[in-house]
Amino acid sequence: MSTSTDNSLAIASQEFVWSGREVPEAHSYLMPPALAALRDGGVHTVLDLGCGNGACTARLAVEGFHSTGCDASESGLALAHQSYPRLAFFPHDIASPLPASHRENFDAVVSLEVIEHLMQPRQLAMRAREALRPGGLFVLSTPYHGYWKNLALAVANSFDAHWHPLRDFGHVKFFSPSTLHALLCESHFSVERSLRLGRIPAFARSMLVVAVKRQS
């Protein structure tokens, strides 16, 4: 995302606006453990759920995975198609079930820094379950929130910069490890591991969770 996403392009927008092809900075610390989890799980096919401009989908392909991207943002998908014309992307609003052609079609679903933008975050887990084969992996990340991190944000008067209140479709959900794990358990996933990334754990920038699809 470019800085314009937080400025004029984000005002009264009908979607999360993508205006640049650049790789999100958070990928520098999120992608290595995400890729390790996929390799450890013997994954071949991956759905990038909330793919934005396609940068994560493309990285997955470079790393040898058969990757597909999905997003509701027209601006994001336009950039994805332009930047990575050989990769598969499809538009979808996660409020609706996935098309039959994409159900139980993937070994893993990856969703990086997406769930915090959703008013109904359980819908993300529902779409991941639909996409995954039995026993498939769900790898997702979101900004970390905990006592010391929140205290540091308050002391530094940094809540505005952290929460993006002026960005339409900005951050609307703020998870701790316990609330994120609860959402996954409610959605019939078993959490295998949880990592805090991008600084020391107490002040981590994000947390990344690896979960397995359970039988309902």
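Because the structure is predicted, anything quoted here is derived from the model rather than measured.
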More than 12 heavy atoms of other residues, nucleotides or ligands under 6.0 Å from CD of Gln82: is that the case? yes
With a sphere of 6.0 Å drawn around CD of Gln120, does it hold more than 12 non-hydrogen atoms of other residues, nucleotides or ligands?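 Count not over threshold, so no.
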[Y] side chain reached by [X] side chain, heavy atoms, under 4.5 Å:
| X | Y | value |
| --- | --- | --- |
| Pro91 | Asp71 | no |
| Ile115 | Phe175 | yes |
| Leu184 | Val209 | yes |
| Leu38 | Val46 | yes |
| Leu49 | Leu124 | yes |
| Met207 | Leu195 | no |

Which of parallel (below 30°), tilted (30 to 60°) and perpendicular (above 60°) describes Phe16 and Trp18? tilted
Verify, without hydrogens or angle tests, whether [X] (side chain) and [Y] (backbone) share a donor-acceptor contact under 3.5 angstrom.
| X | Y | answer |
| --- | --- | --- |
| Lys213 | Gly135 | no |
| Ser28 | Glu25 | yes |
| Arg133 | Asn105 | yes |
| Asp107 | Val43 | no |
| Arg129 | Arg214 | yes |
| His92 | Pro97 | yes |
| Ser158 | Ala156 | yes |
| His117 | Phe169 | yes |
| Asn53 | Glu22 | yes |

Is the shortest side-chain N to carboxylate O distance from Asp48 to Arg59 below 4.0 Å?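 No, this pair does not count.
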Path from [X] to [Y] over hydrophobic side-chain contacts below 4.5 Å:
| X | Y | answer |
| --- | --- | --- |
| Val114 | Phe90 | yes |
| Phe189 | Leu47 | yes |
| Val212 | Leu183 | no |

Remaining members of hydrophobic cluster (4.5 Å side-chain criterion), Val62: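 Under the 4.5 Å side-chain rule, Val62 groups with nothing.
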All pairs passing ring pair (Phe, Tyr, Trp, His ring centres under 6.0 Å) where residues 37-85 contributes a residue, at least two apart: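 Listed once each, the pairs are His81-Phe89.
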To the closest 0.5 Å, what do you measure between [atom1] ([X]) and [atom2] ([Y])?
| X | Y | atom1 | atom2 | answer |
| --- | --- | --- | --- | --- |
| Glu104 | Leu98 | CD | CG | 11.0 Å |
| Leu77 | Glu74 | CG | CD | 8.0 Å |
| Ser67 | Leu60 | OG | CG | 5.0 Å |
| Ser187 | Arg122 | OG | CZ | 7.0 Å |
| Asp93 | Ser73 | CG | OG | 11.5 Å |
| Leu132 | His102 | CG | NE2 | 13.5 Å |

Hey, mind stepping through Arg127 and Ser96 against side-chain hydrogen bond (donor to acceptor under 3.5 Å, both in side chains) and telling me if it holds? CA-CA 8 Å; Arg127 302 293 82 84; Ser96 301; over 6 Å; no
Just list the side-chain donor-acceptor pairs under 3.5 Å for residues 136-145, sequence neighbours left out, or say none.
residue	atom	partner	partner atom	Å
Ser141	OG	Glu113	N	3.1
Ser141	OG	Glu113	OE2	2.6
Thr142	OG1	Glu116	OE1	2.9
Tyr144	OH	Arg196	NH1	3.0
His145	ND1	Asn150	OD1	3.2
His145	NE2	His162	NE2	3.4

